[in-house]
Amino acid sequence: MTLNFSAIEAKWRTAWYNAKINESEPRPGEKKFFMIFAYPGVTGYLHVGHMRGYTFSDAVVRYKLMTGHNVLFPVGTHATGNGAISFARKVERQDESVIEILRANGCPEGTMSRLSDPLEVVRFFNNVYVNDYWKRFGFMSDWRRFTCTINPDYSRFIEWQMRKLKSEGLLIQKPYFAAACIEHGPVAVDASETDISKGGNAEVLEYVLLKFDLEDGRKLVAATLRPETVFGLTNFWVNPEVEYVDVRVGEEIWVVSKQAAEKLKLQKDDMEVKGSANGAELIGRRCRAPFTGKMLAIFPSLLCDPNVGTGLVMSVPSDAPVDWIGLVELERDKTSRGKYGITDKMLQDSQPVPIIKTPGWGPLPAVEITEKMGITSLSDPKLEDATKEIYKSGFHKGVMNEACGDFAGQPVERAKEAMREEMLSSGQADLLYDLSEEVLCRCGNRVLIKKIPDQWFIDYANPALTERSKEQALTMKILPREYYENIQGVLEWYRERACVRLGNWLGTRFPFDQKWIIEAIADSTLYPVYYVISRYANEGLITAERMDEGFFDYVLLGRGDLEAVAKATGFSREVLDRVRAEFEYWYPLDINLGGKEHMTVHFPVFLMNHVAVLRPQHWPRGIIVNWYITATGGKISKSKGGAQPIPDAAERFGVDAMRLFYAHIASLYVDVAWEDEKVEGYRDRLERLWNLASELSAIDTDAVTEVDAWLAARMQTRLVRLHKFMAEYDLRSYANDVYFEIPQDMRWYLRRGGKNKMAISKALETWVPLMVPATPHIAEELWERMGKAPFVSTAQLEQGSITDSVLIAEAKEKLVERLMADVSEILKVTEMRPTRTTIMTAPAWKQDMFQDALADPKSRPDVSALIKSAMARHQSPELKKEIPAFAKEIAAEVAKMSPEDRQVLGARVSERETLSGAKEFLEAEFGCRVDVFSADDPARTDPKGKARFARPGRPAVFIE
RNA sequence: GCGAGGGUAGCCAAGCAAGGUCAAAGGCGACAGACUCAAGAUCUGUUCCCGCAGGGGUCCUCCGGUUCGAAUCCGGACCCUCGCACCA
């Protein structure tokens, strides 16, 4: 029969939500479990990959619910930033790809036009996320608590958070250099290119500006990334075709390209353009280098790009292939030399000077590499590779040589920093921030780096905060284990982070200066707290306008006086105390789960904000990081739309099949490629389990067999294992046992001739509830078919216990399985068709000795002690030779066993009795007569003398 | 570049922190058998090599080391993925 998953899912999610079993109320005295997943940013449709982490969270929550916890699992969305704005803009200009995505996801045409409004975008997607994704997947989430970061009440909370950070001294102000469009203000430069139309991969570079004195008092300003190479300067490059300008910066007159002047204007407070400067006129003159004071000739070079740096370049031919080839070309170019009056003497004075010792290279790497690569002209494209190669090895492995004064012997990396500092403080250098490639705003203007003099930061570098956060992290459950260790380093490394920004963004106004909007990472760190409040705001019991500082202080920090707060806010005392009690009940947060992209962004600041603002008993208890589900060809891209809409996938594969896929396909801590066939495989698996359960339920006999006890025992063993897995949030191992191992146990039971109605229904009652975390809908349906009252979702899982009788039952069955494996091995090799099988279990003396060995507390049993006691027990002369040999063997074997195995095997079972009991089964399996003897039974048939091979746990076998 | 993670049998994927119980779970695929008129589904078995008695050999990217013993620990090489801060 084919199951109608879709109907089953709809039936049960409706039933759950009608019965409100997903709603969370504090129940004082009862254990609580509070988990969230990092809420998604509202930037468009999500894809099937996103559901992995969410589903994992729901599975954990459901498991906790079934193991004695009162759970809280709220959800929300994060709309701060420019995601919704950029989406709305695309709709507005009828961007084809966006319209296409909307259509593909079934967005009605009428709704589409509304989505040119960012707030409508947020509203629309909030609805999609909650209804089409999370409810559709049957999450045990308390929908009453939904919140979104641009809700007015949420904003009050964020304002409060900022006030607390400020009063803790954690908000600081200092200049900052940010990418900005002249028209539109700050823009985001990132690969998704939401704000920009070109240059998403650009990086912000910090150039050191070096000032070269001209005789007329002006300064030629060269921009460099390698200030330490001033020791190797030989000349200066000016492009005769570029338009330069004189600018006044403070007291000084600088010469830079016109384009560079524009950049400087955005970054220097006291600066003005004086007039144009003639580049060609400078060529042939001389300038004095900073730091060394060396006089340098000025040569022409058409390679100086007015858009890069200052459009003026200093020349270090020892280590810059471009500079070296520039000189080589100039030497050849008699015309230019004549035109600019460049003499042989000037060229001779510009010979490369070795300054850096780099392993694998001679004193003049630039000369060496151009020769090796056969580069002789500035137009050779290989020049770029050569430059990269020399830069890389010189910078990372090089050491300054004896020509470098005080810096001789220092690694280049260190010398660079030291010289930068020294020249900056002595006024010989300055800084210029620039983008590594051209970036264009959506409006078409060029994006430049602009100084923001009064930028606010959260001071995550604060030593006390860092220290307390690190200590807290040590006490937390953080998975995977690698991240538990790494987060220490991440917290240490965290610096101040800009927490507000200018421009057109969604978010909360900064309470200390309304021109700023609070930035997206800053307003999403403390928010799990808000889920205990949002519910009251959503129900209208408290209102945004009146949620003041005193209100939050009272409910979250336990500060202030109830009467005063009630009076100031107008909220009822009863509500105020309910909110406060609810916070005290649910907090701290037990688990925050989020994707791996959060490891160096959200998680550390999430922790630090809690530590900074809340009392220690409310600091977080756990973090789980999930890796991604990717498309077969690479990452499923959020900005480019999901591979298939989530509701479509749910319809096609079934929610439970998808949930099982997420749970079982791999550990949470590896990336997995989404493949339709795999999800279909899980759907088929669920159908098979359904059929198996039906087949078992249909059995209606009371016949008692020895496997009944085994089945009961095996379920106990499984339960204990399963709870151990979930203690580590190892949902994958859990699912493996529930969906693959337990069905295997059930089939084995049937194959062994089990058919006891009571035993079966007992096992099903254990098994079906175990399916709830991963596949709740199908579990409910099975539960109902079994005649149980709803809901299995709220049932409690058995704990399971491993008693002696469990051990014995397991050991017996293991014996049978082991024997079957041996027999089939023999049959396979010999290709016999058996007519009779004789099984000879180990003789009493071997069994006794085996038990002695297991009982020995030493990890390696004492061979001579084994021999002694065996000799004392068994006097027969023919054993005299066998005992020592076997003692040695058995001691070695036992030495290798785990304590668990020893325990199992120590549960002494009569092998002959056990196998005799399974005789009928074995005869059916082997298709021949089976006789079971003890090896020391004279009645046995053993013409080939196999009996002596009998060992405890592995009887001898003779097949004819 | 800096920081982090990874490379396991035809494929996917456990194992690796606490070395021995690992020829290495589980799934998929393939092959064989049962069932069936047949196909599919299902169930059972096999799926590195050798072996007519339950055994042996060679394996966990490559090279080297530690150890009685290494998929697991250490060093090196090659390859892949992710994060690097105002996109969230």
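Lettering follows sequence order; numbering is per chain, from 1.
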For this session: Using the P atoms only, state how far B/rC16 lies from B/rU61, rounded to an integer number of Å.
Result: 15 Å
N/O donor to acceptor pairs below 3.5 angstrom from side-chain atoms of residues 482-489 of chain A, sequence neighbours left out:
from, atom 1, to, atom 2, distance (Å)
A/Tyr483, OH, A/Met599, O, 2.7
A/Tyr484, OH, A/Leu474, O, 2.6
A/Gln488, NE2, A/Lys470, O, 2.9

Exercise. Quick one: the side chain of A/Asn736 and the base of B/rG26, do they pair up donor-acceptor inside 3.5 Å?
Worked result: no
Exercise. Between B/rC28 atom C1' and A/Arg685 atom CZ, what is the distance in whole Å?
Worked result: 11 Å
Seminar exercise, completed: Atom CD1 of A/Ile959 and atom C1' of B/rA53 are separated, to the nearest Å, by 7 Å
For this session: Tell me what A/Val670 touches on the nucleic acid: a base, only sugar-phosphate, or nothing, going by heavy atoms under 4.0 Å.
Result: sugar-phosphate
Seminar exercise, completed: Rounding to 0.5 Å, atoms CD (A/Glu810) and CD (A/Glu817) come to a distance of 9.0 Å
Problem set entry | Main-chain N/O of A/Thr525 paired with A/Asn609 side-chain donor or acceptor, under 3.5 Å | no
For this session: For A/Lys596 and B/rG6, give me the distance from atom NZ to atom P, rounded to whole Å.
Result: 11 Å
Exercise. Any donor-acceptor pair under 3.5 Å linking the side chain of A/Arg495 with the backbone of A/Ala461?
Worked result: no
Problem set entry | From B/rG45, B/rC43, B/rG26, nucleotide with atom closest to A/Glu741 side chain | B/rG26
Problem set entry | Gap in Å between the two C1' atoms, one belonging to B/rA23 and one to B/rC60, rounded | 10 Å
Seminar exercise, completed: Paired to B/rA34 by Watson-Crick or G-U wobble criteria (both distances under 3.5 Å) is B/rU42
Exercise. Roughly how far apart, to the nearest Å, are B/rC48 and B/rG40 at atom C1'?
Worked result: 32 Å
Problem set entry | Value in whole Å for how far the P atom of B/rG83 lies from OH of A/Tyr494 | 14 Å
Exercise. Has A/Arg954 got a side-chain N or O lying under 4.0 Å from the OP1 or OP2 atom of B/rG55?
Worked result: yes
Exercise. Using the C1' atom in both, what is the distance from B/rC62 to B/rA71, to the nearest Å?
Worked result: 14 Å
Exercise. Checking all strands, does A/Lys678 fall into the base, sugar-phosphate, or nothing category for heavy-atom contacts under 4.0 angstrom?
Worked result: sugar-phosphate
For this session: For B/rG65 and B/rA18, measure between their P atoms and round to the nearest Å.
Result: 24 Å
Problem set entry | Interatomic distance, A/Asp822 CG vs B/rG51 P [rounded to whole Å] | 20 Å
Exercise. If we take the P atom in both B/rG54 and B/rC63, what is their distance in whole Å?
Worked result: 33 Å
For this session: With A/Glu728 as reference, evaluate A/Arg481, A/Lys477, A/Arg721 under the salt bridge (Lys or Arg N to Asp or Glu O under 4.0 Å) test and give the passing residue.
Result: A/Lys477
Exercise. Between B/rU44, B/rG27, B/rA13, which one does the side chain of A/Arg732 approach most closely?
Worked result: B/rA13
Exercise. Rounding to the closest angstrom, what is the interatomic distance between B/rU81 and B/rU58 at atom P?
Worked result: 36 Å
Exercise. Touch check for A/Ala956, heavy atoms < 4.0 angstrom, all strands: base, sugar-phosphate only, or nothing?
Worked result: base
Problem set entry | Proximal nucleotide (of B/rU47, B/rA13, B/rA88) relative to the A/Lys828 side chain | B/rU47
For this session: Classify the side-chain pair A/Thr630/A/Asp671 by whether it contains a donor and acceptor separated by less than 3.5 Å.
Result: no
Exercise. Of the candidate nucleotides B/rA53, B/rU42, B/rG55, which contains the atom at the shortest distance from the side chain of A/Glu825?
Worked result: B/rG55
For this session: Quick one: look up who B/rG83 pairs with, Watson-Crick or G-U, both distances under 3.5 Å, and put none if it's unpaired.
Result: B/rC2
For this session: Send over the distance from A/Leu479 CG to B/rA17 C1', rounded to a whole Å.
Result: 13 Å
For this session: By nearest nucleotide on RNA chain B, pick out whichever of A/Val500 and A/Glu413 is the more 5' one.
Result: A/Glu413
For this session: To the nearest Å, give me how far apart NE2 (A/His598) and P (B/rA85) are.
Result: 16 Å
For this session: Please report, rounded to the nearest Å, how far the C1' atom of B/rG5 is from the CE atom of A/Met599.
Result: 7 Å
